[in-house]
Every structure is written in structure tokens, then in C-alpha cells.
Amino acid sequence: MPELPEVEVVRRGLVSWVRGRTITGVEVLDPRSIRRHALGVEDFIGNLEGATVADVVRRGKFLWMPLVDTAGGGRAADAPESPRPKVALMAHLGMSGQLLMQDREVPDEKHLKVRFRLSPRDAMPAQLRFVDQRIFGGLFVTAMVPTDDGGPGGLAESPLPLIAEEASHIARDPLDPAFSFDLFYRRLRRRRTGLKRALLDQGLVSGIGNIYADEALWRAKLHYARATDTLRRAEAERVLASARDVMLDALAAGGTSFDSLYVNVNGASGYFDRSLNAYGRAGQACKRCADVGIQASIRREQFMNRSSHTCPVCQPRPRNGRW
DNA sequence: CATTCGTCCTGATAGC
DNA sequence: TGCTATCAGGACGAAT
């Protein structure tokens, strides 16, 4: 389940393989993976063929490649005076999406949805492939529009003062150097909802999915139903710091096990085996309570049509939403 | 306006 | 064995 750390691992892996290369061919094997592209698959392909990838950037879980025309003899994107990108190839990995660099000899993956052929470069793989079993993810082309908030952020190496239009409603993530806690806290307090709902709202704070929401709440000793409009500043700081910490841990784990030749979303899988304290641990002991000699087991409940994992002892359900 | 809920999708697994 | 039911969940758009 790619959340922020996994998407960032993919971005870092992808950038050195695709930046400056030209898309020479696009093959859409399953049109369902071309989402939100109103003008259809033919237009999608037409926008991409002949364009050069200028960068790979991210906002929250949205990942995109700004594209520049390859006019006048194929000048590379990183050449001086390179033109500003007008459009970008946008990707969202959804639940099961992968972006893979593959040599042309490698047989098609079972769930291969889209194949991009790239201009040759040294010994680099010739193809970028989008593989997606459950089709919650997708690709589309979107306009690059000006932004006054300093660019995409999301740990991008060279943020442009432009953002992909379809990601402009997404808030910054907790790892983004330009993330504003004050803005987050002001908006959080204005809401009348539960804390986990707010954490999962990508327009308020991005990059957090079901797994890291449960982990951040566990670390912060807060319950998912805690009312946002009474949340104290210290509590909000605690849950944000927890989210940041758990995602940094996952990012570090993903980074170390990441094979740069094989860009995928499983880079952080080792992390899940060892380091989760709440998610997926229903019925098992709460490690923090066990450390102080208390017996408590993680409880799984349905909330928002997904499962939520809490320790009933150290994350007690709030009364009246307050505490 | 803000908030919540239904929908998209496939494969693994449980139960009969 | 082989069928059906259930579960997993990100994000959008419809409904409230």
C-alpha cells in the first residue's frame, strides 16, 4: 500500500533513470488505467510521444513528470535555457501500482497496464512500465500551472514554481520543509470531525494513508475519534511529529533495501515486517503497555469502511470526543 | 459551505 | 473440489 514513504522511494529511484530521456512510444494495454483523462487514450498518447521528461516530482502521493517538447534536434531537458513544461505525466499508484524500469527483453508482467519506450541511454533500461493489479491507481496528462506557494515541495530536488494542476489541491506533507504546522493546526481546529479522518484528508495534510495514520495515532497515544475542534496544540504537534517519525523510519528502511535497477513499491516491505506497532496487529500485545507490565492487546475496529487499530489502554476512546 | 458515504477493482482467503 | 462471500483501501464525486 504505497503511502508517502513508498511514493518517495519510487520518485528517488525513477529520477536518475528517466530525467532527460524522450518518450518514443506509448502502449496502453488497459485503458482503465488512464484515469481522469477526459480526451481519451489517443490524446493521452499524443501528448506523450516525442516529449522529454524534465524531472520527477511529488506532492503527497501524487507523482508526476513535467514534460518539455523535444524540438530542434532533441535538446535534452537539462540543457541551458530549457523550456518551461506545459504538461506533465501524472501517476497515482493507488493500492497496487508500480512503476518499473525494465529491459525490453523482460516478459510483460501479469498486470502490465502501460508501457513507455524511452530514448536509449548508456546501459539504462529501455522501458518504463506501469503495473497495477487492482487498478486503483492510474495515469493521465495534466497541465502545469503557476503556483505561489513555492512549488511542489515533497522533498523534490529542484522544485519549479509550477505545479501539476490535478495535484494543486493537495496539501504539503509532514516531511516537506515548507510544511506549515500553524496552517495545519488552524485548519484542523476549524473542522468538526474525528482526528483520523482529518489525517487521511489529503487536502489538510498529505501522504498519510490508513497504515501510517494508525501508527501515528498509536505513537501519539491518541484515539482516532478524538474531536479535531478541541484538539490541543500539544496534541496536534504530537501526532504530526509521530507521523513524521514513522514515515522517516519507513523511508530509511525503503531506501536501504531499494534496488535502484528495479523501481517498485515494495522497497519498504521489510519495514512492515518489523516495525509496525498497531496496524495489522489485532489481538497481539501492545508493545508499549507490555514494556510497563500491562497486558493489553491491539483492537481492530471498522471505521470509515476500513480497519483501525488501537490499544484500548494507552489510546482510550475519548468521552464526548474531548478526551 | 462542510462532511460523509458509495464506488471503482482483483486476488487471497475463509467457510461451506 | 469448487463455489460464494468477505476483505483490503485512495480519492473522487454525489448526497446530505
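A note on names: the letters A, B, ... follow the listed sequences, proteins ahead of strands, and every chain is numbered from 1.
- Rounded to whole angstrom, the span from the CZ atom of A:Arg300 across to the P atom of C:dA8 amounts to 4 Å.
- A distance of 12.5 Å separates NE2 of A:His309 from CG of A:Asn277, quoted to the nearest 0.5 Å.
- When heavy atoms are screened at a 4.0 angstrom cut-off, A:Arg187 is found touching no nucleic acid atom at all.
- We find that CG of A:Leu200 is positioned 10 Å from C1' of C:dG9, with the value rounded to whole Å.
- A:Trp64 does not carry A:Arg58 over the face of its six-membered ring by the limits of under 6.0 Å from the centre and within 45° of the normal.
- Contact detail for A:Ser307 and A:Asn210: the closest heavy-atom pair is O-ND2, 3.0 Å.
- Remark: A:His169 is in phosphate contact with C:dC12, judged by side-chain N or O atoms under 4.0 Å from OP1 or OP2.
- Taking only side-chain nitrogens and oxygens, A:His92 comes nearer than 4.0 Å to OP1 or OP2 of C:dA11.
- A tilted orientation is assigned to the rings of A:Tyr224 and A:Phe303, their planes being inclined by 30° to 60°.
- Here B:dA2 presents its P atom at 11 Å from CG of A:Asp201, a figure rounded to the nearest Å.
- Between A:Tyr212 and C:dG9 there is no side-chain N or O to OP1 or OP2 distance below 4.0 Å.
- Spacing between atom CD of A:Glu3 and atom P of C:dA8 amounts to 15 Å, rounded to whole angstrom units.
- Within the 4.5 Å cutoff, the side chain of A:Leu99 has no heavy atoms near those of the A:Arg129 side chain.
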- Message: For nucleotides 4-13 of chain B, give me one character per nucleotide, 5' to 3': B if any protein heavy atom sits under 4.0 Å from the base, S if the only such contacts are to the sugar-phosphate, - if neither.
- Response: SS--BBBS--
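- One atom, CZ of A:Phe303, and another, C1' of C:dC7, lie 18 Å apart when rounded to the nearest Å.
- Sorted by first then second residue, the salt bridge (charged side-chain N to carboxylate O under 4.0 Å, His left out) pairs that include residues 196-211 of chain A, not counting sequence neighbours, are A:Arg191-A:Asp201, A:Lys196-A:Asp214.
- In this structure, CZ of A:Arg36 is placed 15 Å from P of C:dG10, rounded to the nearest angstrom.
- Here A:Glu166 lies out of heavy-atom contact (under 4.0 Å) with every strand.
- With contacts defined as side-chain heavy-atom distances shorter than 4.5 Å, the pair A:Phe44/A:Leu89 qualifies.
- The CG-P distance, from A:Asn210 to C:dG9, rounds to 5 Å in whole Å.
- Counting to the nearest Å, the P atom of C:dG10 and the CZ atom of A:Phe62 are 12 Å from each other.
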